[in-house]
Amino acid sequence: MKLGTLQLFAHVMEQGSFSKAAIAAFTTQSNISKQISSLEEEIGVRLFERNNQGVAPTPAAVCLSMGLKEQLPMMKRLLEQTRKAAEAENLSLKISISDSMSINHITPLLTAFRGSCPGVELKLIAQPQENILRSLAEGDADVALIYSVWPTDAACVTRKAITRTSPCIYYSNQEWPGAVTVDTFRDAAFVRLESSSIDAMQDLPYAPRQVIFVDSLRSLQFYVAAGMACAVLGKSQLLLDSADIATCELLCARSKVGTDAVWMTSNKNPAIYLFKKNIEAMLCGRTQRSAAGASE
């Protein structure tokens, strides 16, 4: 089914006749008639009743027309994005990344994307988590990589999962040397970012003895490294890079946490579509490897 034929059908429905539709579409009446007949044959229903007074749409035509009012603009945008994607060497993608995010999660995705789309220029912007969504809304970034627990407005943001792991308790390996379990930290103080709307400690099987609020992830790191408190987070590169900090996986957590790619639905940069397809390919590869490992 050709897009051009559907557009001619839409002209006929709008103009009410083949002759007027031909004028609107800058073509001939015979071509309109030929295309409509071909469309009717392809879908197996009659769309117009022909008579001496002109043509009248059938109920099937009305149904098709209503659907096309929504679908045709989307199809046109998709084709335009496809054409631009074919010229990937002229595309660029600005990616905002939380400055505390695990490099181990992000590097494979960026490496795979550069390998499949070498012509797309990548511009990476590291910034605090709380500033990322604003940079998206203001157009300073096309895509953001954020923690899965960070809330977004689902009405204007598209979200795609990249990684999912169990959250961890971060602790000082000097204060708690040797083997530990979640219960080891029952009497410990915990530190939390006051700017975060997410209470990561809600997955602990006990209430923390004390909760200390700090204004930055760097302050949180100092509390944990000094053995003054523990923290519950996902995979934070800032903390994982510290030699004084170790992790205990919180297997009792109700849900896994990780990294998501998000972008504004109003952003029509075709490079976003290419980035999304790379995420899907990476996740598909992980699924296939996991299935292969389970069968061995």
With no hydrogens and no angle check, just 3.5 Å: does a side-chain donor-acceptor pair link [X] and [Y]?
X	Y	value
S33	S30	no
Q35	T5	yes
Q127	S98	no

Using a 4.5 Å cut-off on heavy atoms from C-beta on, say whether the side chain of [Y] contacts that of [X].
X	Y	value
L217	Q221	no
W263	R159	no
V262	I146	yes

Given I169, L193, L220, the one that forms side-chain contact (heavy atoms from CB on, under 4.5 Å) with L233
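Result for side-chain contact (heavy atoms from CB on, under 4.5 Å) with L233: L220.
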Hydrophobic cluster identity match, [X] and [Y], side-chain contacts under 4.5 Å:
X	Y	value
L251	Y206	no
I125	L109	no
F222	Y170	no
I162	I272	yes

Kindly state whether the ring of F190 and the ring of Y171 have centres lying under 6.0 angstrom apart.
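No: the rings miss the under 6.0 Å criterion.
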Can you tell me how far [atom2] of [Y] sits from [atom1] of [X], rounded to the nearest 0.5 angstrom?
X	Y	atom1	atom2	answer
Y223	C230	OH	SG	13.5 Å
L6	L8	CG	CG	9.0 Å
I95	I106	CD1	CD1	9.0 Å
L274	S116	CG	OG	7.5 Å
W176	T184	CH2	OG1	9.5 Å

Decide side chain to side chain contact (heavy atoms under 4.5 Å, CB included) for F185 and V180; before the verdict, give the C-alpha distance in whole Å, the side-chain angles of both, and the deciding distance to 0.1 Å.
CA-CA 8 Å; F185 310 100; V180 300; 4.0 Å; yes
Pairs satisfying salt bridge (charged side-chain N to carboxylate O under 4.0 Å, His left out), at least one member in residues 131-151, at least two apart
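Passing the test, one end in residues 131-151: no pairs.
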Are more than 12 heavy atoms from other residues, nucleotides or ligands located less than 6.0 Å from atom CD of E41?
no
Could you check whether atom CZ of R209 has more than 12 heavy atoms from other residues, nucleotides or ligands sitting under 6.0 Å from it?
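Atom CZ in R209 is crowded, with more than 12 foreign heavy atoms closer than 6.0 Å.
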Does the pair S172 and D244 meet the rule for a side chain to side chain donor-acceptor pair (under 3.5 Å), with working shown?
CA-CA 6 Å; S172 166; D244 298 320; over 6 Å; no
With sequence neighbours excluded, give me every ring pair (Phe, Tyr, Trp, His ring centres under 6.0 Å) pair touching residues 51-70.
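Passing the test, one end in residues 51-70: no pairs.
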Quick one: list whatever passes side chain to side chain donor-acceptor pair (under 3.5 Å) with K276, sequence neighbours left out.
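K276: side chain to side chain donor-acceptor pair (under 3.5 Å) contacts with E280.
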Treating T111 as the side-chain partner and T107 as the backbone partner, does any N or O pair qualify as donor plus acceptor under 3.5 Å?
yes
